[in-house]
Amino acid sequence: MKITALVENKSSCELAAVHGLSLYIETDRHKLLFDLGPDDTLLKNAQKRDIDLRQADTVVLSHGHSDHGGALASFLKINHTAKIYVQRRAFEKHYSKSLGLVKVPIGLDRKLMTHPQVVLLDGARRLDEELLLFTVKDTSKFHSTANDTLYDEQGPDAFAHEQDLMIFGEKNALVMGCGHCGVVNILERAKEYRPQFCIGGYHLRIPVTKKTVPEEILSGIAGELKKYDMTFYTCHCTGEDAYQYLAAHVSNMRYLACGDEIVI
């Protein structure tokens with residue numbers, strides 16, 4: 001499989017960077033998008049790489065935040081066949097609140113919930129031999145304090161709307177969006193699928209305050225990641241300081257920036 005970061009927070013190439021995430025993944029059976037980023041940056045960057053998004057057959061939205069699904073309406077204007085797989089609760093209202101400010105809406109466009117290409121899920125779903133979507137219920141280990149600024153309609157967000165993707169092939173890959181449920185918890189849930197690569201964000205930095213989680217959390221996460229015989233590519237909401245710490249303690253940790261490609 002080949003994975004291209006079309007939207008990510010930083011770029012050192014011709015592609016534009018923006019706060020968000022979208023990965024274009026080519027497998028034996030699929031041309032799929034994992035998340036769509038916040039805006040039309042996805043469409044512009046895809047065009048620069050000669051990637052025809054009209055040919056994408058599958059979209060996975062990792063959770064209900066606009067930096068991962070804000071471009072959904074724009075995508076649906078150019079692609080009329082791809083199925084959009086998303087947890088039903090991702091279309092509930094979601095908010096960010098920090099520095100004592102009012103709650104700022106960061107949810108998806110709820111009008112798109114009934115779009116005929118959107119497939120609403122209530123938990124795990126096996127799509128085919130290559131693709132499996134799963135959710136994580138046990139989020140108890142190494143809670144990221146960066147999550148504490150995020151809310152849903154009931155109160156602090158428990159991230160029941162988050163899902164992760166397993167891609168099965170000669171080597172199996174685990175793909176996550178922000179990893180709000182905790183990368184350690186997600187890896188434990190995915191252990192039975194034997195991933196050899198883990199790609200995605202860990203949500204260890206608050207975008208508004210630019211504050212990274214305490215070192216004891218980073219140390220605990222690093223200690224757990226070192227137990228896995230796996231290659232890690234992190235990005236987006238992990239944050240530069242957290243990445244540098246993890247990379248210094250986990251030998252097989254890489255950063256995936258906008259425009260970077262992974263061939264598995």
Side-chain angles (χ1 to χ4, degrees), residues 1-5 21-35 56-63 68 83-90 119-144 158-204 220-238 246 250-254 256 261-264:
M1 74 186 79
K2 179 180 178 182
I3 301 173
T4 304
L21 184 67
S22 181
L23 306 177
Y24 179 67
I25 306 174
E26 299 168 272
T27 71
D28 288 342
R29 299 180 60 170
H30 293 284
K31 294 179 179 179
L32 91 94
L33 284 164
F34 185 89
D35 287 335
D57 57 81
T58 303
V59 174
V60 173
L61 293 185
S62 63
H63 61 295
H68 294 255
K83 294 296 184 183
I84 320 295
Y85 294 95
V86 57
Q87 291 295 309
R88 185 183 306 274
R89 294 192 62 180
V119 181
L120 300 175
L121 304 179
D122 296 294
R125 173 76 66 89
R126 184 83 189 220
L127 302 186
D128 56 27
E129 292 181 359
E130 277 193 343
L131 306 179
L132 168 73
L133 295 169
F134 67 94
T135 57
V136 175
K137 293 183 179 179
D138 183 358
T139 62
S140 60
K141 293 186 178 179
F142 301 105
H143 168 77
S144 172
F159 304 104
H161 55 102
E162 185 174 73
Q163 62 183 357
D164 305 289
L165 172 67
M166 277 299 309
I167 306 175
F168 299 96
E170 290 186 18
K171 296 182 179 180
N172 300 337
L174 164 62
V175 187
M176 63 182 74
C178 276
H180 287 293
C181 290
V183 60
V184 173
N185 303 306
I186 294 168
L187 283 168
E188 288 194 357
R189 172 67 180 82
K191 191 182 299 183
E192 64 182 288
Y193 308 127
R194 299 181 180 178
Q196 292 155 283
F197 290 80
C198 177
I199 301 126
Y202 303 162
H203 201 70
L204 300 175
I221 291 172
E224 292 296 318
L225 297 189
K226 286 192 290 187
K227 296 177 181 179
Y228 291 89
D229 182 16
M230 189 180 302
T231 301
F232 296 95
Y233 287 89
T234 195
C235 54
H236 178 46
C237 55
T238 299
L246 293 174
V250 182
S251 60
N252 48 351
M253 177 71 64
R254 313 280 187 270
L256 182 65
E261 299 177 349
I262 306 169
V263 177
I264 297 174

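Hydrogens, waters and symmetry mates play no part in the numbers below; they use all other heavy atoms, side chains included.
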| said: If the test is side chain to side chain contact (heavy atoms under 4.5 Å, CB included), which one of Asp35, Thr4, Leu165, Val175 qualifies with Leu23? | reply: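 So the option named by the test is Val175.
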| message | Please evaluate residues Leu246 and Leu204 with respect to the criterion side-chain contact (heavy atoms from CB on, under 4.5 Å), reporting the C-alpha separation (whole Å), side-chain torsions for both, the decisive distance (0.1 Å), and the verdict. | response | CA-CA 11 Å; Leu246 293 174; Leu204 300 175; 4.2 Å; yes
Specify the closest pair of heavy atoms between [X] and [Y], including all atoms of both residues, with the distance to one decimal.
X      : Y      : result
Asn185 : Asp138 : CB-O, 3.2 Å
Leu33  : Ser22  : CD2-OG, 3.8 Å
Leu187 : Cys198 : CD2-SG, 4.2 Å
Thr234 : Gly201 : OG1-CA, 4.0 Å
Phe142 : Gly220 : CE2-CA, 3.2 Å
Ala160 : Arg89  : CB-NH1, 3.6 Å

| message | Main chain of Ile3, side chain of Glu26: is a donor-acceptor contact present, judged purely on distance under 3.5 Å? | response |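 No, the answer is negative, given that no donor and acceptor are paired below the 3.5 Å cut-off.
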| field | Asp57 side chain vs Lys31 backbone, donor-acceptor pair below 3.5 Å | value | yes
Ring-plane angle category for [X] and [Y], please: parallel below 30°, perpendicular beyond 60°, tilted otherwise.
X      : Y      : value
Phe168 : Tyr193 : perpendicular
Tyr233 : Phe197 : parallel
His161 : His63  : tilted

| field | salt bridge (charged side-chain N to carboxylate O under 4.0 Å, His left out) contacts touching residues 175-197 (sequence neighbours left out) | value | Lys141-Glu188, Arg189-Glu192
| query | Going by the salt bridge (charged side-chain N to carboxylate O under 4.0 Å, His left out) test, which pairs reach into residues 163-174, not counting sequence neighbours? | reply |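 Applying salt bridge (charged side-chain N to carboxylate O under 4.0 Å, His left out) to every pair that reaches into residues 163-174, excluding sequence neighbours, yields nothing.
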| query | side-chain hydrogen bond (donor to acceptor under 3.5 Å, both in side chains) with Arg88: which residues, sequence neighbours excluded? | reply | Asp122
| task | I would like to know whether Tyr228 and Val250 meet side-chain contact (heavy atoms from CB on, under 4.5 Å); could you show each step before the answer? | result | CA-CA 10 Å; Tyr228 291 89; Val250 182; over 6 Å; no
